Amino acid sequence: MGLIVQKFGGTSVGDIGRIKNAAGRVMDEKKKGNDVVVVVSAMGKTTDGLVGLAYQAASKPSKRELDMILTTGEQITISLLTMALQDSGYDAVSMTGWQAGIETESIHGNARITNINTDKIKDNLSESRIVVVAGFQGLAGNGEITTLGRGGSDTTAVALAAALKAERCDIYTDVDGVYTSDPRYVKNARKLASVAYDEMLELANLGAGVLHPRAVEFAKNYGVPLSVRSSMEKLDGTIIEEEVSMETGLIVRGVAFEEEIIRMTVFGLRNEITSLSSIFSTLAKHHINVDIIIQSKTETESINLSFSIKREDLEDAIEVLQNNRKELGFTTIEHESGLSKVSIVGSGMISNPGVAAQMFEVLADHDIPIKMVSTSEIKVSVVVDESQMLKAAEVLHTEFNLDKAEQPQKVSVK
Ligand code: ADP
Ligand code: ASP
Ligand code: MG
């Protein structure tokens, strides 16, 4: 007998029938004698609908009020799921993020969880009650309601599992596990039986929307056994854990992709020792995340600097840079939109040189120009034109044998 945290995403609680189905999964776990904490998302596309309403009310709604409206979505689901459980004779109670003791940074729209005061949840568990918690939301030290970023209910679930020292955290969703690539777009994507935390962290950060990156971060840092599984079919899911046996021999384990990447270029930056730190600390202060960075010297000894950011940060990035142009010491900025990032990920890359070369070769063979590149020990990412993103993902998926049953793979450089 232990404590299990279950999380049900939007599609899995999309209507009353699905909420009852989720309740069934909760009761199954409870019947086994476990304590159960359940985290839920807003029903179906509710969050998108609320964002839409906000943008009808105002052209640039304030982040505080966005959090205020978005947190209502999850509050509907917790009450309905709790009612369904009670209707089946189970003792259950719903809690908003703040009632559940989820404390966050004082940032709207993308706050990190800083602490969880589990007293109230534990009191209820000790009464053998099922606790149903609203995902994606918390309370900042200044008393403000915050949200954790889109997809953040996963993070609520794993953070609760870590804080409560749960035996397991099960993420129930509309796919039956983590695949070698997004099965909605890449035909022949295959379900993986297990993935290492580090690989999953890269995949999630690089666009595999099946898990929120911070959820994987929590799972890794606190050693929470995590699984991704189907809420509709009773199938084995994917286990995310520290060590995944390498007998599969696959060097690349997954292909991730992400749209709406912007390449910003800063021209004529003064070539001084502090130039780069000034630019990037100014952007960081405004919470603008920069990804790939490329620096080149010009004939006049000034620097041209290109870096990639997400579409959602474009307006802020332009404003911040223009407002600080004199101090930062550059002449002009330009940006290119319509780009996307395609990445290959796998722990096996650490000891296998030539993977990046093979990636570039296959993209060249298929006439897909590469605009930017970045690598880490276990991933290679390229920025390509948005129109070629899915083609690039498909050809890389095939090239690295991800469509085949798991088998040893050699890296070949022509
Ligand atoms: P939920 O609402 O349950 O949180 P999400 O839509 O956030 O569900 O995540 C599930 C979706 O993630 C899937 O429907 C799938 O299209 C997408 N996805 C992207 N990459 C992968 C991958 N590598 N494996 C499985 N699903 C993926
Ligand atoms: N409802 C939020 C969203 O749609 C959080 C979540 O589902 O994880 O992004
Ligand atoms: Mg999700």
Side-chain angles (χ1 to χ4, degrees), residues 6-14 18 21-22 25 39-52 66-67 69-78 97 102 109-111 133-138 146-159 169-195 199-216 226-232 235 237-238 240 252-259 312 342-346 389-390 393 396-397 402:
Q6 300 180 313
K7 181 255 170 181
F8 295 89
T11 313
S12 307
V13 290
R18 290 194 171 174
N21 169 69
R25 291 305 183 95
V39 173
V40 287
S41 292
M43 292 170 70
K45 301 263 174 233
T46 299
T47 310
D48 291 340
L50 294 172
V51 171
L66 272 172
D67 278 356
I69 187 170
L70 294 192
T71 46
T72 64
E74 273 66 14
Q75 203 168 325
I76 295 172
T77 325
I78 50 170
I102 295 171
N110 199 17
V133 180
F136 172 61
Q137 54 179 252
T146 54
T147 59
L148 310 181
R150 295 303 305 269
S153 295
D154 296 335
T155 300
T156 306
V158 183
C169 181
D170 294 334
I171 306 285
Y172 287 91
T173 183
D174 58 3
V175 271
D176 60 352
V178 177
Y179 278 62
T180 49
S181 195
D182 189 337
R184 239 184 259 199
Y185 300 100
V186 176
K187 55 176 189 301
N188 304 328
R190 270 184 316 105
K191 185 164 81 178
L192 294 162
S194 61
V195 192
E199 291 173 324
M200 193 63 235
L201 194 55
E202 290 282 14
L203 286 169
N205 269 317
L206 295 166
V210 63
L211 282 175
H212 194 236
R214 283 187 200 146
V216 188
L226 185 61
S227 83
V228 173
R229 53 203 320 144
S230 163
S231 60
M232 302 309 290
L235 296 170
T238 300
I240 296 118
V252 174
R253 303 267 291 159
V255 176
F257 44 87
E258 192 181 1
E259 286 177 304
E312 69 211 34
V342 181
S343 310
I344 53 172
V345 174
M389 177 182 80
L390 290 180
L396 290 168
H397 193 266
L402 294 176

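Start at 1 with the first residue, then count along the sequence. Counting convention: from 1, in listed order, for ligands and their atoms alike. Not measured: the values here are computed from a predicted model. No hydrogens, no waters, no symmetry mates; every other heavy atom, side chains included, goes into these values.
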Measure across [X] and [Y] and return the closest heavy-atom pair with its distance rounded to 0.1 Å.
X	Y	value
Ala42	Thr47	CB-OG1, 3.5 Å
His397	Val186	CG-CG1, 3.8 Å
Ser41	Lys7	OG-CE, 3.7 Å

Check: Ser227 and Ile240 side chains under 4.5 Å, non-hydrogen atoms: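 No, their side chains stay 4.5 Å or more apart.
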Numbered atoms and elements of ligand 1 in range of Val178, under 4.0 angstrom, heavy atoms: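 Those atoms are 24 (N).
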Residue Val175 vicinity, atoms of ligand 1 by number, heavy atom under 4.0 Å: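 That gives atoms 13 (C), 25 (C), 26 (N) of ligand 1.
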When you measure from the side chain of [X] to the backbone N and O of [Y], does any donor-acceptor pair fall under 3.5 Å?
X	Y	value
Arg18	Thr11	yes
Ser231	Ser12	no
Thr156	Gly135	no
Arg190	Leu402	yes
Gln137	Gly97	yes

Looking only at distances, can you tell me whether any N or O atom of [X], backbone or side chain, sits closer than 3.5 Å to an N or O atom of ligand 1?
X	value
Tyr179	yes
Arg184	yes
Asp154	no

Donor-acceptor side-chain pairing of Thr146 and Asp67 below 3.5 angstrom: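 Side chains of Thr146 and Asp67: no pair found under 3.5 Å.
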Distance-only side-chain donor-acceptor flag, His212 / Thr155, under 3.5 Å: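 A donor-acceptor contact under 3.5 Å links the two side chains.
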Side chain, backbone, both or neither: Arg150 near ligand 1, heavy atoms under 4.0 Å: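 Contact part for Arg150 vs ligand 1: neither.
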Residue part near ligand 1, for Val210, under 4.0 Å between non-hydrogen atoms: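 The answer is both, backbone and side chain.
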Got the closest protein heavy atom to [atom], with its distance?
atom	result
atom 25 (C) of ligand 1	Gly177 O, 3.4 Å
atom 11 (C) of ligand 1	Asp174 OD1, 3.8 Å
atom 3 (O) of ligand 1	Thr173 OG1, 2.6 Å
atom 21 (C) of ligand 1	Asp182 CA, 3.7 Å
atom 4 (O) of ligand 1	Lys7 NZ, 3.1 Å

Every residue of the protein that comes under 4.0 Å of ligand 2, judged on heavy atoms: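 Lining ligand 2: Ser41, Ala42, Thr47, Glu74, Phe136, Arg150, Gly151, Gly152, Ser153.
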Identity of the nearest option to atom 9 (O) of ligand 1, non-hydrogen atoms only, from Ala256, Gly14, Gly209, Gly10: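 It is Gly209 whose heavy atom sits nearest to atom 9 (O) of ligand 1.
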Thr173 OG1 to Met232 CE distance, which is reported to the nearest 0.5 Å: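 Separation between the atoms: 11.5 Å.
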Proximity flag Gly151 to ligand 1, non-hydrogen atoms under 4.0 Å: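 Under 4.0 Å: no for Gly151.
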Ser181 to ligand 1, any heavy atom closer than 4.0 Å: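 Yes; Ser181 lies near enough to ligand 1 that a heavy-atom distance drops under 4.0 Å.
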Those residues that, when tested against Tyr172, pass ring pair (Phe, Tyr, Trp, His ring centres under 6.0 Å) (two or more places apart):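 In terms of ring pair (Phe, Tyr, Trp, His ring centres under 6.0 Å), with neighbours along the sequence ignored, Tyr172 is linked to Phe8.
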